[in-house]
There are 2 protein chains.
Amino acid sequence: MPLCQHFSVDCPSRKLFEQIADKWSMMVLTVLEHGPVRFNAIKRHLEGVTQKSLTQCLRKLERNGLVERQVIPASPVAVEYGLTPLGQSLLPPFKALYLWTIDNMAQVDAARTDFDLRQEEARVSA
Amino acid sequence: MPLCQHFSVDCPSRKLFEQIADKWSMMVLTVLEHGPVRFNAIKRHLEGVTQKSLTQCLRKLERNGLVERQVIPASPVAVEYGLTPLGQSLLPPFKALYLWTIDNMAQVDAARTDFDLRQEEARVSA
DNA sequence: CGGCATCCTATTAGATACTG
DNA sequence: CAGTATCTAATAGGATGCCG
């Protein structure tokens with residue numbers, strides 16, 4: 001199947017891409033792979049995320065039906081986030097992407113170094 | 001292979017995710033699938049992108065070695081962007097993700113409507 | 001045509017304090 | 001513990017004009 005060649009603002013796959021392709025969503029879904037995890041536990045997995053950003057991210061994932069929020073009435077209250085079947089179904093494509101990053105990390109790093117070097121050369125000669 | 005379970009800021013796959021998982025990169029790479037495309041042609045494919053954002057995006061892709069920039073000396077000058085072999089290698093995982101969006105669009109939409117409805121109910125009863 | 005520089009605004013993210 | 005609310009800082013994005 002060919003990919004979409006014109007990404008209008010109404011292109012449905014574009015809209016969906018925008019929902020899942022942000023800074024934290026992929027990582028959150030990955031953390032939940034093996035079962036429900038509590039809020040602060042997720043937070044500990046994602047170095048650098050603020051509680052606010054994580055809350056927003058989880059709300060969005062919940063709204064899109066990828067993640068399920070379950071409140072466990074206790075004192076203090078516990079909240080667990082788990083993948084829905086829909087969220088589970090997103091893991092295989094994510095893993096494909098993950099494997100790509102592993103396989104090609106070195107090449108990307110090399111390209112980066114090379115690019116920065118050429119930039120520096122251009123800057124000096126100017 | 002299990003996915004990374006702790007995404008430190010130094011996690012290499014995290015760093016790579018951040019480079020490719022932004023608003024325009026996926027779409028740009030997709031547009032270049034069948035061969036080099038000129039700047040304004042890419043722009044026409046991506047409704048809503050400004051020239052500034054597109055330039056930034058292309059620079060990043062170039063720096064990461066996914067895209068190649070070729071200046072064709074003419075008057076006025078022409079610039080073509082094409083996929084490198086590395087960029088090509090990213091298309092299959094992207095397609096997997098694309099197929100997922102096609103397959104699950106309806107479910108996501110339904111989940112969204114449902115979520116918004118429940119939110120509205122909660123708001124009213126409060 | 002394909003940019004870059006500038007300015008300005010809008011959106012996002014971070015820090016902090018507070019609550020059930 | 002798992003948030004919400006508020007304020008501020010940083011960053012991204014848009015508009016415009018100029019240049020090779």
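Residue numbering restarts at 1 for every chain, and letters A, B, ... go by the order of the sequence lines.
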Would you mind reading off the distance between [X] atom [atom1] and [N] atom [atom2], rounded to a whole angstrom?
| X | N | atom1 | atom2 | value |
| --- | --- | --- | --- | --- |
| B:E62 | C:dG3 | CD | C1' | 13 Å |
| A:L54 | C:dT12 | CG | P | 17 Å |
| B:K23 | C:dA10 | NZ | C1' | 12 Å |
| B:W24 | D:dA12 | CH2 | P | 15 Å |
| B:K52 | D:dC18 | NZ | C1' | 16 Å |
| A:Q56 | C:dT12 | CD | P | 8 Å |
| A:Y81 | D:dA2 | OH | P | 8 Å |
| B:I72 | C:dG3 | CD1 | C1' | 15 Å |

Any side-chain N or O of [X] below 4.0 angstrom from OP1/OP2 of [N]?
| X | N | answer |
| --- | --- | --- |
| A:R38 | D:dA2 | yes |
| A:R59 | D:dT4 | yes |
| A:R69 | D:dG3 | yes |
| B:T50 | D:dG13 | no |

Inset, instruction - Check B:R14 against B:S8 and note the closest heavy-atom contact, atom names and distance. - result: CD-O, 3.5 Å
Inset, instruction - Grab the two heavy atoms, one from A:T50 and one from A:K43, that are nearest each other, plus how far apart they are. - result: C-CE, 4.1 Å
Inset, instruction - Specify the residue among B:S53 and A:F39 whose closest nucleotide of DNA chain D lies further upstream toward the 5′ end. - result: A:F39
Legend entry - Donor on one side chain, acceptor on other, B:W24 and B:S53, under 3.5 Å: no
Inset, instruction - Go through the side-chain N and O atoms of B:S25 and B:D22 and say whether any donor and acceptor fall under 3.5 Å apart. - result: yes
Legend entry - Distance-only donor-acceptor test (3.5 Å): side chain B:Q51, base D:dT16: no
Inset, instruction - Using heavy atoms to find the nearest nucleotide of DNA chain C for A:P76 and B:V77 separately, return the residue whose nucleotide is more 5′. - result: B:V77
Inset, instruction - Select base, sugar-phosphate, or nothing to describe what A:V79 touches, counting heavy atoms under 4.0 Å on all strands. - result: sugar-phosphate
Legend entry - Candidate pair A:D114 and B:R63, rule salt bridge (charged side-chain N to carboxylate O under 4.0 Å, His left out), full reasoning: CA-CA 8 Å; A:D114 195 60; B:R63 183 167 112 94; over 6 Å; no
